[in-house]
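Here is the structure we will look at.
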Amino acid sequence: MGIQGLLPFLKNILTPSHIRNYRGCTVAIDAYCWLHKGAFACAEKLAAGEKTDMYVYYCMKYINMLLSYDIKPILVLDGCHLPSKKNVEKKRRERRELNRKKAAQLLRDGKRKEARDALVQCIDITPQMALELMNACRDKGVDCITAPYEADAQLAYLSQTGIAQVIITEDSDLILFGCHTIMFKMDTSGAGMLIQNKDLNKAMKLQDAHYTFDKFRYMCMLSGCDYHANLPGIGLSKACKAMKLTRQIDVRLILKKIPMLLNIRNLTVSAEYIEGFIRADNTFLYQLVFDPLSRKLTPLNPYPPGVKAEDMHYAGPPMSPDHAFQLALGNMDIQGNRIANFDPAPRSQSWINDTEKTPYLLSIWDPNYKPRGQVPEGEEPTRPSTKGKEVLLQAMGISKPKANEQRRKSEPPLKPIKKGWFR
DNA sequence: GTTGCATGCAGAT
DNA sequence: TGCATGCAAC
Ligand SMILES: [Mn+2]
């Protein structure tokens, strides 16, 4: 459910943009956003259990648009359920169940229109539906990766490692996870609203010297997040005020001072609240993700000294490397059943000609793949200006290059990757 | 002004 | 997977 009211809170730094500004770049997609919207196009059939692939076509409409702008899409899907999110998932299940019953009653009353509206609210995206979309994408040479846990953290990892220059989502949580550049509300034409991590201090109206990304994240968490409730009566505005008033950096001390900072007498911050807050913070910082290059599980950010994955089961219980890899490829469902036999190896044959100069256009599973890196200062890139569509498609193993295509010289390297440089 | 909660909604004909 | 909006209450 993200952070309630965060996007309106950030309206000052949300800028209209178009995905064509990222020609030649890689864009990672929060696939379940599209899947859920696409499922509305065929809600009756899905609810009735009939076969339909209308939701696949809905998503491919976006994919094809991205390809038409010479953009390399990476589809990112949600994986296993996160212990930290137990409450939220329970709420969602109850909501779907409520709507299922409501639909049945309305149908008995003969109110077909209302019944359909309720029915629409109880459909769920199954792993089989996600697999159908992955197959359709792979037929077009589009990379897919299933996160070990939340797609949120996986997308942030792709952003921070310079694999993806833009993240496409509808979920405000992605901002807290530390993505550099996010496009919200992108329509089928490619228009959307862009937000950049480097602008967050402006939204809080804090000077650079006093701003830290930690403060921003604490502000959001104080107003309530999927992993932890807010303090009663505290929303984004008051949380922002509190974070502006303190120069403290210790989370525990900040939390204890909240009633004083906001001058709220009958507000107590229990020890349980503080410990829950820290677990939630660790879930944002250290949730397990899958690194496609090393093909291993890794925390989104490096653990502090002395901390191990076993210490943070709530941020994703560790799983075996092979399990994580097969899950990432979409070959294994979250229960551990084998559901496909996709082998990324053959794709490395698409390593030809100009892809030596653009290894970031290869499949992320290709041994020769290299991330493109960060766009300097988070600006919308103007390079490469006219790299032909043929190069991208060719690199992705789709079409042949034109015989007399004019070639640009190799581009200067972009800013090297430096994880966490913005903190 | 800010929060809390209930309600409606996402596509396509 | 999520957001927007309206309105009552503090
Ligand atoms: Mn989320």
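Chain naming here is simple, since letters A, B, ... match the order of the sequence lines and numbering starts at 1 in each.
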Whole angstrom value for the distance that separates [atom2] of [N] from [atom1] of [X]:
X       : N       : atom1 : atom2 : result
M54(A)  : dT13(B) : CE    : C1'   : 11 Å
N263(A) : dT2(B)  : CG    : P     : 16 Å
L262(A) : dG1(B)  : CG    : P     : 18 Å
Y62(A)  : dA10(B) : OH    : P     : 12 Å
N99(A)  : dC9(B)  : CG    : C1'   : 12 Å
N230(A) : dT3(B)  : CG    : C1'   : 9 Å
I125(A) : dG11(B) : CD1   : P     : 13 Å

Just call it for [X]: base, sugar-phosphate, or nothing, with non-hydrogen atoms closer than 4.0 Å on any strand.
X       : result
I234(A) : sugar-phosphate
D117(A) : nothing
R116(A) : base
Y58(A)  : sugar-phosphate
T169(A) : nothing
D124(A) : nothing

(request) With a 4.0 Å heavy-atom cut-off, tell me which residues in residues 31-47 of chain A come close to DNA chain B, sorted by residue number. (result) K37(A), F40(A), A41(A)
(request) Specify the residues of residues 235-245 of chain A, ordered by number, for which at least one heavy atom lies under 4.0 angstrom from an atom of DNA chain B. (result) G235(A), L236(A), S237(A), K238(A)
(request) For the residue pair T181(A) and Y22(A), establish whether any side-chain heavy-atom pair is separated by less than 4.5 Å. (result) yes
Look at the aromatic rings of [X] and [Y] and report parallel, tilted or perpendicular, splitting at 30° and 60°.
X       : Y       : answer
F290(A) : W365(A) : tilted
H36(A)  : Y32(A)  : tilted
Y69(A)  : H18(A)  : perpendicular
Y303(A) : Y286(A) : tilted

(message) Between D214(A) and R217(A), does any side-chain N to carboxylate O distance fall below 4.0 Å?
(response) yes
(message) Does K72(A) form a salt bridge (Lys or Arg N to Asp or Glu O under 4.0 Å) with D143(A)? I'd like the steps, not just the answer.
(response) CA-CA 8 Å; K72(A) 173 181 166 65; D143(A) 276 335; 2.8 Å; yes
(message) Within a 6.0 Å radius of atom NZ on K256(A), are there more than 12 heavy atoms belonging to other residues, nucleotides or ligands?
(response) no
(message) Can you confirm whether more than 12 heavy atoms, excluding those of N263(A), are under 6.0 Å from its CG atom?
(response) no
(request) Go through DNA chain C in 5' to 3' direction and return only the first and the last nucleotide with some atom under 4.0 Å of chain A's heavy atoms. (result) dT1(C) to dA4(C)
(message) On DNA chain B, compare the nucleotides closest to V120(A) and K102(A); which residue's is nearer the 5' end?
(response) K102(A)
(message) Just by distance, no angles: are the side chains of D109(A) and Q105(A) close enough, under 3.5 Å, to form a donor-acceptor pair?
(response) yes
(request) Considering non-hydrogen atoms only, spot the tightest contact between A118(A) and L106(A) and give its length. (result) CB-CD1, 4.3 Å
(message) Can you give me the closest heavy-atom contact between N230(A) and L222(A), atom names plus distance?
(response) CB-O, 3.0 Å
